[in-house]
Amino acid sequence: MADTDVVNDEIKACLKNVAMQVAAMSPKYVSRDEVSQEYMDHEKEILLAQAKKENPEKPDNIIEKMIIGRLNKEMKEICLLDQVYVQDGDLTVAKYVDKVAKKNGANMTVKRFVRFETGEGIEKKQENFAEEVAAQMAGN
């Protein structure tokens, strides 16, 4: 869902492209603003442990910079607006949306998205072929 004060074919195409980005790249959040502090703290702990294990001789200030870099990289993967736009690798999704908005004299903000995975929520019947054959053989 997005807020926009202009609705035309280019704006609709832009939002469709953003929806396709969501489908293809599976972001968890629209922007970094949505990422909870608890999530960030948890990720920092994991990254700190990894960095210290990989680089035990590095000083803490260097390790801190490494963690920030790795955390920023992760945010570019899980936050829609920070992701590299799949149809133009020179732009992030945010820059793509801004570019289309400016071209059309619009104010446009991506607010939220819902992503459905094919088969999600469908209970799959568990089958054991060997048991099924044995049951049929016992019945004959």
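Just the heavy atoms: all of them, side chains too, but no hydrogens, waters or symmetry mates, feed the values below. Since the structure is predicted, the reported quantities are computational estimates derived from the model, not experimental observations.
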Verify same cluster id: [X], [Y] (apolar side-chain graph, 4.5 Å):
| X | Y | answer |
| --- | --- | --- |
| M66 | I68 | no |
| L47 | Y29 | yes |
| V18 | M25 | no |
| Y85 | I78 | no |

Checklist entry - Below 4.5 Å, heavy atoms only, C-beta onward: do I11 and V100 meet side chain to side chain? => result yes
Enter the distance from [X]:[atom1] to [Y]:[atom2] here, rounded to the nearest 0.5 Å.
| X | Y | atom1 | atom2 | value |
| --- | --- | --- | --- | --- |
| I67 | I46 | CD1 | CD1 | 11.5 Å |
| K52 | I63 | NZ | CD1 | 5.5 Å |
| Q87 | M20 | CD | CE | 4.5 Å |
| L48 | D41 | CG | CG | 12.0 Å |
| L91 | K99 | CG | NZ | 5.5 Å |
| E38 | H42 | CD | NE2 | 11.5 Å |

Item to check | Working for side-chain contact (heavy atoms from CB on, under 4.5 Å), residues E43 and M75 | outcome: CA-CA 11 Å; E43 291 303 302; M75 292 300 108; 5.6 Å; no
Next on the checklist: D82 and salt bridge (charged side-chain N to carboxylate O under 4.0 Å, His left out): which single residue from K76, K95, K73, R32 fits?
Outcome noted: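 Among the candidates, only R32 passes.
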Does the [X] side chain pair with the main chain of [Y], one donor and one acceptor, at a distance under 3.5 Å?
| X | Y | result |
| --- | --- | --- |
| N107 | D5 | no |
| T4 | V6 | yes |
| Q21 | V86 | yes |

Checklist entry - Taking atom types as modelled and ignoring hydrogens, do the side chains of N17 and Y96 form a donor-acceptor contact shorter than 3.5 angstrom? => result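 Result is yes, a qualifying pair exists.
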Checklist entry - Under the side-chain contact (heavy atoms from CB on, under 4.5 Å) criterion, do L81 and V30 qualify, and how do the steps go? => result CA-CA 6 Å; L81 296 176; V30 173; 3.9 Å; yes
Checklist entry - So which heavy atom on C79 is nearest to which on P27, and how close? => result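 In terms of heavy atoms, the two residues are closest at C-CB, 4.3 Å.
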Item to check | For K28 against F113, the heavy-atom pair lying closest together | outcome: C-CZ, 4.0 Å
Checklist entry - Taking V93 as the fixed residue, which of V84, V110, L80 is the one that meets the side chain to side chain contact (heavy atoms under 4.5 Å, CB included) rule? => result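 When side chain to side chain contact (heavy atoms under 4.5 Å, CB included) is applied between V93 and each of V84, V110, L80, only L80 qualifies.
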